[in-house]
There are 2 protein chains.
Amino acid sequence: MRVGAKSITIRDVAHEAMVGVGTVSRVLNSGAHVSRATTERVEAAIRRLGFRPNAQARRLLRPHSEIVCFLLSNRDFPHTFHARILQGVENYARSIRQHVIFAAVHYDAGTSPERIPLPPILQERGMVDGLILAGTVYANFLHRIQQMEIPFVAFGNNVMKYEGQRNFDQVSYDAFPGEREATLYTIGQGHRLIAFGGDVSYPWMRVRNEAYLAAMRERNLNPIAFTAPKPALSNLEYGDWLASRALARKPRPTAMIAGNDEVAFGFWRSLRRRGLRIPEDMSLVGFDDREEATLMDPPLTTVRVRKEEVGQACMKMLLERLHHPSMAYSERLLATELVVRETVKGLSRSSATGSAEKERRLPARRKTTANVELPAEG
Amino acid sequence: MRVGAKSITIRDVAHEAMVGVGTVSRVLNSGAHVSRATTERVEAAIRRLGFRPNAQARRLLRPHSEIVCFLLSNRDFPHTFHARILQGVENYARSIRQHVIFAAVHYDAGTSPERIPLPPILQERGMVDGLILAGTVYANFLHRIQQMEIPFVAFGNNVMKYEGQRNFDQVSYDAFPGEREATLYTIGQGHRLIAFGGDVSYPWMRVRNEAYLAAMRERNLNPIAFTAPKPALSNLEYGDWLASRALARKPRPTAMIAGNDEVAFGFWRSLRRRGLRIPEDMSLVGFDDREEATLMDPPLTTVRVRKEEVGQACMKMLLERLHHPSMAYSERLLATELVVRETVKGLSRSSATGSAEKERRLPARRKTTANVELPAEG
DNA sequence: TTCCGTTACGGAACCATTTCCGCATCTTCG
DNA sequence: CGAAGATGCGGAAATGGTTCCGTAACGGAA
């Protein structure tokens, strides 16, 4: 705060404690090779002078800055999804005494890599040890990052990559098991006419659709897929559109597997407005398990993605990469899981066992009650 | 990436371009006092060698690091509120080439300041220029921060401060105008029996309650306040409790002003489950304008807090402080505003503006002991 | 021609730390 | 008792930039 005041350096401390600067440095860091008495004298001097080491000078000599950058591209936080990932990153980072710079970047899929603006700090060397990429990653952005020669880990689900791309580290969630489980569960509840709704021009929607298709195929059921791309529509509006399509279909589906929670929400609202109820008139399953899923009435049965764990895994993987720079690139896949709440109606058993199904009882997931919340924000 | 490889320094560039290090430095920074030809030669050398200046060495000599720390205390992000503030901070920071470290801290209101754990980076000097405090700030935490002698700005609404505390910079939103407007609007829609519901043991709820009371007084109406502290309850459950209290009351209120959107949500859900509809059977107003407010069906009429602007104002204020260290401390108050959606029903004008009720209530002044539930209507 | 101000440029000094080297002392063991 | 190894400690070197100082060239004014 005091402007003109020369700040206290390690030399001042050394003088005050009547030792050499090397000794002070040793006390500050390892503490090894310094006698107990000297250590105490130095510590007393530090306290007396209110000395705090200069962060920049320290890092100038160290191989690592212990700072990573969480780089969010082309996203805002209105969807809590990425905020939760950031939280997971910070949480784990803190536990291992690392720090996180949060930066956002906005770019166009068409611009050449060199023109994509990056935080000034990334142009320099040595400030951040590595990068965690979240948000949509197109090829040009990926190139830009790779040119920087900074170790990085990407949250893989929003990377526009070709099948099985493995030339960088990534953490993704695997929508397949969760979505398959959800579909099988719905079948198990006696449904036969089960629709899937989601714009498959998004790669992440495609996986969910495939899981749905696989589950239907397993049970010898005919899929009913509403997967048309609707670029102009928001998720909510997509849910709206889905409702009109589903209701118009003959025979009408008894259940809808929505591509994500927001689509499910739009669907649910649309039905309500037509005087139809969920799950009485139609069952509904979401994907993501956003907070709002528990707020819906009745609470939404959905597939959970553990967002904090994704963040934690990213941070962990980046650290491994930093420690072992020549390690082979890998992708870590986190499982997803069904969360049974109350939007899938159990149909009567009579017509249920059409196919020769063993009625494989899925391990009944815990029914989540209303989440316990911290005191409200302002 | 390459481990053993000595990194390229400014001296290498100087040698390559056949100039002195000073010249390279000048090219890197201002560009002044260097001829066009030399500049080009240096830039070519930089490109050729792939030189990137060392961030730490640079900052060792500079007065500012151009990095600030967004410190979130005792919060997670399940409520998007603080995520939005962070977004506002980063957004503005980016526009002025500053960087943001995101860090979280968890502490107890009871622990002594010295024992509150802070990110290691804050213990050092020179890494962050300043701090933005978000989340609940108790006295001990405030002391801890002030001891650090780092310039800071606090998001004021969650600071547990005594009335009018002004010994640090803060940015707050003023709930009063928005909540007053909301109440007056509800009155304007023909409502007379309007209840307020919110746990006033939280200071921020108290302001909202006062705004409600003021508006009711202005129109000579009797307040119906459900303000009892319910420490064990979540917001959602509080809304639940509110519903039972409101419905039990005779005469039954026709509108509920809920302390925040989440309470409103709990209230709404509780009513739905009893077969009552909003706004047909009861009108409802929230506070905060969370994303979910538009998802509700019908969408919630509520009071908007501009969260990104709060963040932006924090960053702006911190920057002013950094430029003018001896500037007087100040609090910046951002207005809140009513957002009319569809949860307040317009009542018939017949009974409206009943000037008959002149009932002078006893002045419900700013209560110090707010944990008293106000007597139900006089 | 001389003088002065401006521009261009090289390089030493400096920033605040860590690390390494050298030396003294102490301990251990054959 | 002496050699070897460990411990304690001071201080120089190193880290990679920026800044400042000195100098040279040049142009315009007197």
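Residue numbers start from 1 in every chain, and the chains themselves are labelled A, B, ... in the order their sequence lines are given, proteins ahead of strands.
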Rounded interatomic separation in angstrom, taking CD from A:Glu16 and P from D:dG10:
15 Å
Check DNA chain C against residues 32-41 of chain B and give the residues with a non-hydrogen atom under 4.0 Å, in numerical order.
B:His33, B:Val34, B:Ser35, B:Thr38
Derivation and outcome, salt bridge (Lys or Arg N to Asp or Glu O under 4.0 Å), residues B:Glu320 and B:Lys316
CA-CA 6 Å; B:Glu320 277 182 60; B:Lys316 234 172 198 157; over 6 Å; no
Between C:dA16 (C1') and A:Leu49 (CG): distance, integer Å:
15 Å
When the axes are fitted on five pairs at both termini, how much does the helix from C:dT1-D:dA30 to C:dG30-D:dC1 curve, in 10° steps?
40°
Look at A:Thr23 and D:dG10 and indicate whether a side-chain polar atom (N or O) is within less than 4.0 Å of OP1 or OP2.
yes
Should the heavy atoms of other residues, nucleotides or ligands under 6.0 Å from CZ of B:Arg41 be counted, would the total exceed 12?
yes
How many angstroms lie between atom CD1 of A:Ile116 and atom NE2 of A:His143, to the nearest 0.5 angstrom?
9.5 Å
Give every residue pair that meets the side-chain hydrogen bond (donor to acceptor under 3.5 Å, both in side chains) criterion with at least one member in residues 43-57 of chain B, sequence neighbours excluded.
B:Glu16-B:Arg48
Can you run down the ring pair (Phe, Tyr, Trp, His ring centres under 6.0 Å) pairs that involve residues 90-137 of chain A, sequence neighbours left out, and say none if there aren't any?
A:Phe77-A:Phe102, A:Tyr107-A:Phe141
Given A:Ser65 and A:Asp129, is the side chain to side chain donor-acceptor pair (under 3.5 Å) satisfied, shown in steps?
CA-CA 6 Å; A:Ser65 67; A:Asp129 293 336; 3.2 Å; yes
With a 6.0 Å cut-off (strictly less than), is the heavy-atom count around CE of B:Met327, excluding the residue itself, greater than 12?
yes
Should A:Val137 and A:Phe168 count as side-chain neighbours, where that means a heavy-atom distance under 4.5 Å?
no
Applying ring pair (Phe, Tyr, Trp, His ring centres under 6.0 Å) as the test, list every pair that has at least one member in residues 114-140 of chain A; sequence neighbours left out.
none
Determine, stepwise, if the pair A:Ser330 / A:Asp169 fulfils side chain to side chain contact (heavy atoms under 4.5 Å, CB included).
CA-CA 5 Å; A:Ser330 64; A:Asp169 291 314; 4.1 Å; yes
Without decimals, in angstroms, what is the distance between A:Met18 CE and D:dG8 C1'?
16 Å
Per-nt protein contacts along nucleotides 14-22 of chain D (heavy atom under 4.0 Å; B base, S backbone sugar-phosphate only, - none) come out as -BBBBBB--
